[in-house]
Structures are given as structure tokens and as C-alpha cells.
Protein chains: 4
Amino acid sequence: MRADAAQRREAIITHARHLFAERGGDVALDAVAAASGVGIATLYRNFPSRGDLVHAVVQDIVDQIIHAVDQTQSTLNTDPAAAWKDLLSSLTAMELGALTDGLALQAGAVQDLEATPLAQVQQPAVDALNDLLAELKRRGAVREALSALDVIVAVATITRPQVSPIRGAAPGVPDQLAEAYFLWSRGQQA
Amino acid sequence: MRADAAQRREAIITHARHLFAERGGDVALDAVAAASGVGIATLYRNFPSRGDLVHAVVQDIVDQIIHAVDQTQSTLNTDPAAAWKDLLSSLTAMELGALTDGLALQAGAVQDLEATPLAQVQQPAVDALNDLLAELKRRGAVREALSALDVIVAVATITRPQVSPIRGAAPGVPDQLAEAYFLWSRGQQA
Amino acid sequence: MRADAAQRREAIITHARHLFAERGGDVALDAVAAASGVGIATLYRNFPSRGDLVHAVVQDIVDQIIHAVDQTQSTLNTDPAAAWKDLLSSLTAMELGALTDGLALQAGAVQDLEATPLAQVQQPAVDALNDLLAELKRRGAVREALSALDVIVAVATITRPQVSPIRGAAPGVPDQLAEAYFLWSRGQQA
Amino acid sequence: MRADAAQRREAIITHARHLFAERGGDVALDAVAAASGVGIATLYRNFPSRGDLVHAVVQDIVDQIIHAVDQTQSTLNTDPAAAWKDLLSSLTAMELGALTDGLALQAGAVQDLEATPLAQVQQPAVDALNDLLAELKRRGAVREALSALDVIVAVATITRPQVSPIRGAAPGVPDQLAEAYFLWSRGQQA
DNA sequence: GATGAATGAGCCTTCATTCAT
DNA sequence: GATGAATGAAGGCTCATTCAT
């Protein structure tokens, strides 16, 4: 039974992430519940408020970021350039756009970034990524002026959900931007 | 009073554009009206449906794009690289993000991009930009594989409204992305 | 100029009456103004509130009722049955339905019929018709138990505006009801 | 809770029917909800659009018409005249006026009566009544030229909601019209 | 523990009425 | 005097959240 419940919870998070990434952060929770195959009340039992669900989605993404950073550690010494490229690829595939839009709702009156509960949740990912960036910089694989938050926000910006007619009109753009960002991130001398 | 009304209409469009760019395409029309200093019914007299307002905002942006393209023509022959750089700067400063999000509302059931009334309104801007790109490509100032729509969507993606805590966390990202895109667009043989 | 204004006022009343009769008492005043070929403000100059316009429409109808009653006086002695039939025809052709629906708006909190301003305006018509009915009853042309208000309300009920699909489905009904009412009103002792 | 909900749904339909019949088809849905003792959102859960509520009310009335027709079958052979009289009584007591006004909302652009979803819902009632009328005509109890739709529309017209001051002024009129229509419908050759 | 139903608050839109030219 | 524009109040509908089974 416990396993069942945990599985259900995971399903909700996953579907919520996909929907956030696809349709933006303002999807109705009914839609999330329906997509997850549960009743709306079940969703609320697991996530007492919309913010809690957003929180969980962010946590999920953060875990993935940390995992991706960990993966990179192995090739870091042998081929730092490839390591950076792989990491950026992983991040790009990660639907960080969902993260960005998901925040929208809390943002209302928030002034102080540090105060956001999301900031705290993100911190471990930011820290891990910053450590990695430090290594990469030392090896000249990335630009000096690049912070973990910069990278996360940049990738999120590039991969944010796009209104479908737009996406259809210029489907290659996200890849172009990703390539451009990768080239730029490696630093001067183009 | 006719002049007054026209001025008011312009004010509404301007404020709507700013709000779309700042808070996304789903701002309450009440907020637009309030920001414009008019009652909600006045907004509705000028733009009978939300779609009409979006349409006007898009039109406004399209006009600006065309104007920017025109401005570029003068330096096109003397210094194509500078011309391209200036144009991209202009576009970046133009809040194209508002355009992107504004479309969201119509997008509901839209499958065919060409059918969108917005597509038609955009066409002149796309055509003008494509003509310019052709010239620039001939002069080797930009990558071959770059269409007007690509450029517009890319800039829109980069400058899309960003949730404020995010913006605060990594304020330099849009500029970084713009720079990256500029470098890439010139077609460094990658 | 005075003639012009008076003419305009009449035009508004006439169009209002038609629209009330056609589409019911809840037509937008904008529509009345447009149909009358004047601006909304002109309508309001002539009729400071919606109630005033309704009042004028009722007055107009009342005048027509009185006129119809007067017309009947001539044949009253020679052929009372024909007189009654003609009067009922006239009333039926008079769009009394407009009157009924026009009242709807004032009706909100009205308890006392006598207090209604419309009641007062109607009084002359009611009186004239009652006098005529008295004569007709004396001559056995109509049922004893028939008051002027009964007749007016009955005709108004029969000729009230009908939703178009309904009208299309059974177009003969108003005439059938008019015929039925006429027969009944003569007091055939069934 | 399922039973509870069904009951509530019935309550909404009943109250809507009364309000339509009393105040016309343009009552605020808030009022319907309040009268039914539920919140506005509950009404919308049961009837996603105003049209759906109208539809349900019509369905309710149609059911009653069919029931009334069925009831009549028993006395049809023994006393056709009484059967017809009873049926007309039943219809008159049925608030068909609600039906008529309820249609108003859909009517906007409707040209074709057959296309109306309401038309389809009504069809069974129309068919049943037409069958009965055929029998009655065979027995000479009603006029030849009388269709089911004629009867329904006529009764609806007679019992349509009346603005209260009017009703107060001539309370006997609906009964008078009903009597008149009954007499006429039997086809006394006048 | 899971579910469907209920609710109020909020946004979109219309309309009677007023105002400035 | 006539006009178009402006306005607030009200109704239609949706959605995050709570409740009863």
C-alpha cells in the first residue's frame, strides 16, 4: 500500500512537470489530476496547495540536475570540454522551462529571492553546479563570468514552453539557441 | 475629443504591451485598464475582445520591427556587420516577448499557423526581415540557415517575460543569450 | 428646428416600439438609438431614463387605443357586433405586446399597480374602453364579465413577441388565439 | 452522496423552471442557484452552460407532456371530449411558458428550427401529442386544422410569464384565454 | 485513503447612464 | 442641441480549494 501511494505521488509529479513544460505554469490542477489518473482530492491530499506541488516538481528537477552534475564528474578530468557539452545537453533535455513557469504563482509579491522556499530547494543544485563550474573554469573549458544560476536560468529560458503556433513556425530555434549558448559559454576566442 | 480618444487608445496599447512583456500574456484586462488610467469599459470600447487588443499590440510591434529594418538599410552597404548587430540590438530592446505570450490566448485550438490572423499581420515584418537577411547573407554577415521567423522567435524567446525572482537571481542572462545568439548568427564556422 | 426635433422624438418612439415588440422589452438602448438613426446621447436627451422611453411608448400605444375606440363609436349603434370585431382587429394589429414587455423593467419592486406611472397613463385608454364595453354589453355584443383591462391584457398576451424558432414552428397560433378570443368574448354561452 | 447530488440536480431544474415561468428566460443564474439553495459553481457543475440548463428544463417539461398524453389515453374512447378538456387543463397547469422563454437564449442566430437541439428533445412530445390529436379528430372532438405544435405554442403563449403589475391588473385573463382556446379548439363551427 | 461534489473569489464582457466636445 | 466616448455595476463562467461519503 505504501508503495502504491508513493508511486501515485510520483506519477502526479511527473505529469505535472510535463504539463507545466508543455502548456505553461498556469494549467488547471484538474488537468493535472486527470492526466495523472487520480481524483482532484487525491492530488490535494498529496499536495495540500498548488505551491506544494510546484515545490515537489522543482525538487524533482533539482534532483535531476544534481544527478546530471554527478554524472559529469567522471569525465571532468579526462575531457572537460566534452563534460561541459554533455552537461548542457542533459540540462537542455530536462524541461527546466517547467521550473521557470511553475514559479510564477508564488512570485506575486515576492521581493526577496532568498526568502522563496524554492530558493532553498534549489540551493543544493546551485552549489553542486557552482563547484563543477569552478573546476571547468580552472581547466579553461568555460567562461569565467558564468554562475550556476546563470546557466540554469539560461537553459530554462531557452527551453521554456512555447505557444504551439510559434513552435510550429520556427521549430529549430531552441536547438539554435542551445548551440549558440554552448559556443558562447566556452568563452572568448569564439 | 477625437484626438483625446486616439491618444487614449495608444496609451492602452502601450501599457498592454508592457504588461504582456512583464507579467505574461494572461494579465487581467482590469490591470491593463487600470495601468492605462481608463475604466474597463473604455478598454472594451476600443478593443471589443481580448483578441482585438492582442492584435493591436502585435500590430504595434510589427510596425516597430519594420521600422527597425528600414533603419538598417542605410548602413547595410557600408558596414553589414554593424547593420546586423544594430538590428539585433533594436529587436532585443523591443519586448518581443510580449508578442509571443500574447498569442497564447488564441492558441487554444489553433493548429494552422497560417490561419491565425496574427500570422497575417506579422507577414509584412517577416517579409521585410527576410529581404534584409538575404542581403546580409550575400555579404556574408549572417549564417545561411537563418530565416526571419527564426530570428523573431529567437529574440522573443530570449526576451520573454521572466518571473521576477528568477530575473533577480540571474539578471545578466538575457544579455548573455543575446550576445551568444549574435555571435552564432554571424555564422562563425562553428 | 423645433419640427425637426419633434420628428426625431417620434422616430425614436416608433423604433423603440417596434423593437420592443419584435425582440422583447430588454433590447439595448444602443440598438434603439441606432435603429432610430441618432446617437445614444440624443436618445437620452429626449428620454432621460429608460423608464421615460417606456413611458412614451406606452403613451403612444394608449393614444392609438383611444383612437381605435373613437373610430368604433360610429358603427356602434348600427352594427355593434361588427364594431367589436373591428376594434379587436385594431388592437391585435397594434403591437400591444410591446407594452407588456416594456413594463418589465419597472416591475422589479413594484407591488402596487396603481402606483405605477404607467397605470396613470393607461387610465384614459382603460376608461374609454370601459365605456365602450358598457355600451356593447348593453347591446349584447360582448360578454358581461369583460373589463377593459382584461381585453388589453388578453390582446397583449396573444400578440407578445415570440422567440423566432417558435414563431416559425407554429406561425398560425396568434391568429388562432385571436379568433378564439373573439368568439369567446362575444359570450356564446358555450 | 450520489443520491444527494441527483436530488440537488432535480431541485435546480425545478427551481429554474419556476423562475423561468415567473420572471422569464433571462433570470440570472445566480438567482436560480440561490433559489435552489446551492452555490453558483454547483449549478455550473451540473449544467456546464446556460444552454444545458435550458435543455434540462425543456426535457423535464417534455416528460410531463408525454405523461399527460399517456394519462389521457384511458378516457380517450369513453369520453373524447372530456379527455381533450383534461389534457388541455394539464398542459395549462404545466408552465409551458418557461419552455417558450427558455428558448430565447439559443435563438440568437438560429434560423432553422429543426437544427435546434431543443427541437429534437421536443420531438417525442410532439409525436405523442400528434397521435392523440389524430384520434381525437377521428372522433370529432377537436378541429381538423390543429397540430401538436399549434397546441403547445398556444398554451405556452397563454401561460407565458406575465409582468407582475399586469398580472395583478387582470388576473383572470389566462383562464379566460384558456377557456376561449378550448372552445375554439373543439371546432364549434362558430 | 480515495473520490466526486460544493464553494467563493475572480476575470471577461455587456449595458444603462453620464460627460466633454 | 447632437454626438461619441467613458464609466461602474452586474451577470456569465472558471478554477483553486474544501467537504462529505
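Proteins get letters first, then strands, A, B, ... in listed order; numbering begins at 1 in each. Remember, predicted model here, so these are calculated numbers, not experimental data.
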Test side-chain contact (heavy atoms from CB on, under 4.5 Å) applied to D:R9 and D:F47, step by step: CA-CA 9 Å; D:R9 191 191 152 91; D:F47 308 98; 3.6 Å; yes
Side-chain N,O (D:R45) to OP1/OP2 (E:dA5) below 4.0 Å: yes
A:N46 vs E:dG1: side-chain N/O to OP1/OP2 distance below 4.0 Å: no
Residue closer to the 5' end of DNA chain F, B:V38 versus D:A41 (nearest nucleotide): B:V38
Duplex segments of DNA chain E, taken as runs of at least three Watson-Crick or G-U pairs that stay under 3.5 Å: E:2-21 with F:2-21
Sequence-distant partners of A:Y44, side-chain contact (heavy atoms from CB on, under 4.5 Å), two or more places apart: A:L29, A:I40
Along DNA chain E (nearest heavy atom to each residue), the more 5'-positioned of C:A28 and D:I40: D:I40
Sugar-phosphate only, base, or nothing, as touched by C:V27 at under 4.0 Å among non-hydrogen atoms: sugar-phosphate
Sugar-phosphate only, base, or nothing, as touched by C:R8 at under 4.0 Å among non-hydrogen atoms: sugar-phosphate
Value in whole Å for how far the P atom of F:dG11 lies from CG of C:D26: 14 Å
Nearest heavy atoms of A:R50 and A:G25, plus distance in Å: NH2-O, 2.7 Å
Integer-rounded Å distance: F:dG8 P and B:L43 CG: 13 Å
Set of side-chain contact (heavy atoms from CB on, under 4.5 Å) partners for C:A35, sequence neighbours left out: C:H15, C:L19
side-chain hydrogen bond (donor to acceptor under 3.5 Å, both in side chains) against C:N46, all qualifying residues, sequence neighbours excluded: none
Contacts of type side-chain hydrogen bond (donor to acceptor under 3.5 Å, both in side chains), residue A:R8, not counting sequence neighbours: A:D4
For atom CZ of D:R9 and atom P of E:dA5, their distance in whole Å: 11 Å
N or O in side chain of B:T42 less than 4.0 angstrom from F:dA5 OP1/OP2: no
Length of the line joining B:F47:CZ and F:dA5:C1', which is rounded to integer Å: 14 Å
Value in whole Å for how far the C1' atom of F:dA16 lies from CG of A:L53: 12 Å
Whole angstrom value for the distance that separates P of E:dA2 from CD of A:Q7: 12 Å
Counterpart residues, side-chain hydrogen bond (donor to acceptor under 3.5 Å, both in side chains), relative to A:S49 (two or more places apart): A:D52
